[in-house]
Amino acid sequence: MKGITYVRGDATAPHGKGVKLIAHVCNDLGGWGKGFVVAVSRRWPEPEKAYRRWHRERAGNDFGLGAVQFVRVGPYVWVANMVGQRGMRPGSKGVPVRYEAIDTALGAVAAKAAELGASVHMPRIGCGLAGGTWSRVEPLVRTRLVEQGTAVTVYDHGEEPARGSVRA
C-alpha cells in the first residue's frame with residue numbers, strides 16, 4: 001500500500017510523472033484571495049474563475065460544504081476546489097474548517113483520481129486559514145485516498161524540515 005509522501009516545496013508544481021490532481025480547501029462564501037489559492041491563481045487563472053462562477057450560480061448547482069469542482073489546467077494536471085470551510089474567520093462556532101466536509105470532498109477526489117489514474121498533491125489542507133489541525137485531517141486523507149490505493153504527496157512550505165515518507 002502506498003503512503004503519504006511529505007516533501008518541501010510548492011503543491012502547484014507537483015512532483016512525479018503521470019496525471020496529477022492538486023487538492024485544496026475553499027470556503028463556502030465565494031471568497032478567493034488569501035492562502036494557498038493565491039499560489040493557484042498565480043499559476044493558473046482557470047480554478048479561480050471556475051470557483052467564482054460555481055459560487056455565483058450556486059442556486060442551480062451543487063456548491064456547498066463537501067462539494068468539489070474539478071478544473072483541468074493542463075494536459076496532465078487538474079485542480080480540485082473542495083468546499084471544506086464554513087466562512088473565513090473564527091467566530092462563535094469556532095474555526096472555519098469543517099472536517100466532515102473535507103472528508104466528503106476527499107471521497108470525490110478519490111473517485112476522480114481513480115478515474116484519471118492520478119496521484120493527489122496538496123498542501124496541509126484545512127490547516128492554514130481554515131484553522132484546522134493536521135492530526136485531524138491526515139487520517140481523512142489516509143482513509144479516503146491512501147487506503148484506496150491513491151498516491152498522495154503533501155507539500156510543506158517554509159523553514160521547518162519536512163517529515164520523511166510515511167507509510168499508511
Side-chain angles (χ1 to χ4, degrees), residues 4 6 10-12 14 20-44 46-73 77-116 118-148 150-158 168:
I4 298 174
Y6 291 85
D10 179 357
T12 68
K20 297 167 199 75
L21 182 53
I22 301 167
H24 72 104
V25 169
C26 302
N27 64 68
D28 65 349
L29 295 179
W32 181 292
K34 290 186 178 180
F36 182 71
V37 298
V38 174
V40 170
S41 289
R42 259 191 241 121
R43 194 162 302 263
W44 309 284
E46 299 92 347
E48 177 180 358
K49 287 178 185 171
Y51 170 79
R52 290 187 184 279
R53 182 174 49 254
W54 188 32
H55 177 264
R56 192 172 49 250
E57 298 170 359
R58 66 191 176 279
N61 63 40
D62 67 343
F63 185 92
L65 287 169
V68 185
Q69 179 187 53
F70 297 98
V71 182
R72 190 173 192 170
V73 294
V77 182
W78 293 72
V79 172
N81 292 333
M82 304 187 304
V83 184
Q85 183 180 326
R86 163 91 56 212
M88 292 186 269
R89 293 183 180 82
S92 62
K93 293 187 168 59
V95 294
V97 70
R98 293 296 178 263
Y99 297 109
E100 319 77 45
I102 290 174
D103 185 46
T104 299
L106 286 172
V109 168
K112 187 69 169 181
E115 173 193 323
L116 297 171
S119 53
V120 175
H121 303 260
M122 63 180 70
R124 293 188 187 231
I125 57 172
C127 298
L129 297 173
T133 62
W134 189 244
S135 64
R136 295 271 313 268
V137 175
E138 184 184 44
L140 305 176
V141 172
R142 287 188 181 286
T143 300
R144 291 295 192 157
L145 296 167
V146 175
E147 291 176 10
Q148 307 310 312
T150 302
V152 176
T153 302
V154 173
Y155 295 75
D156 284 310
H157 241 293

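Only heavy atoms go into these numbers, but all of them, side chains included; no hydrogens, no water, no symmetry mates. Index from 1, following the sequence.
Expressed to the nearest 0.5 Å, how far CZ of F36 lies from CD1 of I22 amounts to 6.0 Å. Taken from CZ in R53 to CZ in R56, the straight-line distance is 7.0 Å, to the nearest 0.5 Å. Atoms CG and CG, from L106 and L140 in turn, are 6.5 Å apart once rounded to the nearest 0.5 Å. For the atom pair SG of C26 and CH2 of W32, the computed distance is 5.0 Å after rounding to the nearest 0.5 Å.
Between the side chain of N27 and the main chain of G30, a donor-acceptor pair closer than 3.5 Å is present. With R98 contributing its side chain and G66 its backbone, the two residues share no donor-acceptor pair below 3.5 Å. For T150 (side chain) and V146 (main-chain N/O), no donor-acceptor pair under 3.5 Å exists by modelled atom type. In this structure a side-chain-to-backbone donor-acceptor pair under 3.5 Å is present from Q69 to A50.
T153 has its side chain out of reach of I4: every pair of non-hydrogen atoms, C-beta onward, lies at least 4.5 Å apart. In this structure the side chain of H121 never reaches within 4.5 angstrom of the side chain of L21, judged on heavy atoms. D156 is not listed as a side-chain neighbour of W134, based on a closest heavy-atom distance of 4.5 Å or more. Looking only at side-chain heavy atoms (C-beta outward), W44 and V71 stay at 4.5 Å or farther from each other. In this structure the side chain of M122 reaches within 4.5 angstrom of the side chain of V141, judged on heavy atoms. For the pair K20 and S119, the minimum side-chain heavy-atom distance is below 4.5 Å. Taking 4.5 Å as the limit, some side-chain heavy atom of I125 sits within range of a side-chain heavy atom of M82.
The number of heavy atoms from other shown groups lying within 6.0 Å of CZ (R136) does not exceed 12.
Here the closest heavy-atom approach between residue V68 and residue D62 is recorded as O-OD2, 4.5 Å. The two atoms that bring G132 and Y99 nearest to each other are CA-OH, 3.2 Å, heavy atoms only. Taking all atoms of both residues into account, the shortest heavy-atom contact from K34 to L129 is CB-CD1, 3.3 Å. The heavy-atom pair separating N81 from W54 by the smallest distance is O-CZ3, 3.7 Å. Between L65 and G84, the closest heavy-atom pair is CD2-C, 4.1 Å. Across every non-hydrogen atom of G87 and D28, the tightest pair is N-OD1, 2.7 Å.
A salt bridge does not link K49 to E46: none of the charged nitrogens lies less than 4.0 Å from a carboxylate oxygen. One finds a salt bridge joining E138 and R142 here, because a Lys/Arg side-chain nitrogen approaches an Asp/Glu carboxylate oxygen to under 4.0 Å. At a threshold of 4.0 Å, the pair R43-D10 counts as salt-bridged, since one of the basic side-chain nitrogens sits closer than that to a carboxylate oxygen.
Between H24 and W78, the ring center distance fails the sub-6.0 Å criterion.
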Full working for salt bridge (Lys or Arg N to Asp or Glu O under 4.0 Å) between E48 and R52
CA-CA 6 Å; E48 177 180 358; R52 290 187 184 279; 2.9 Å; yes
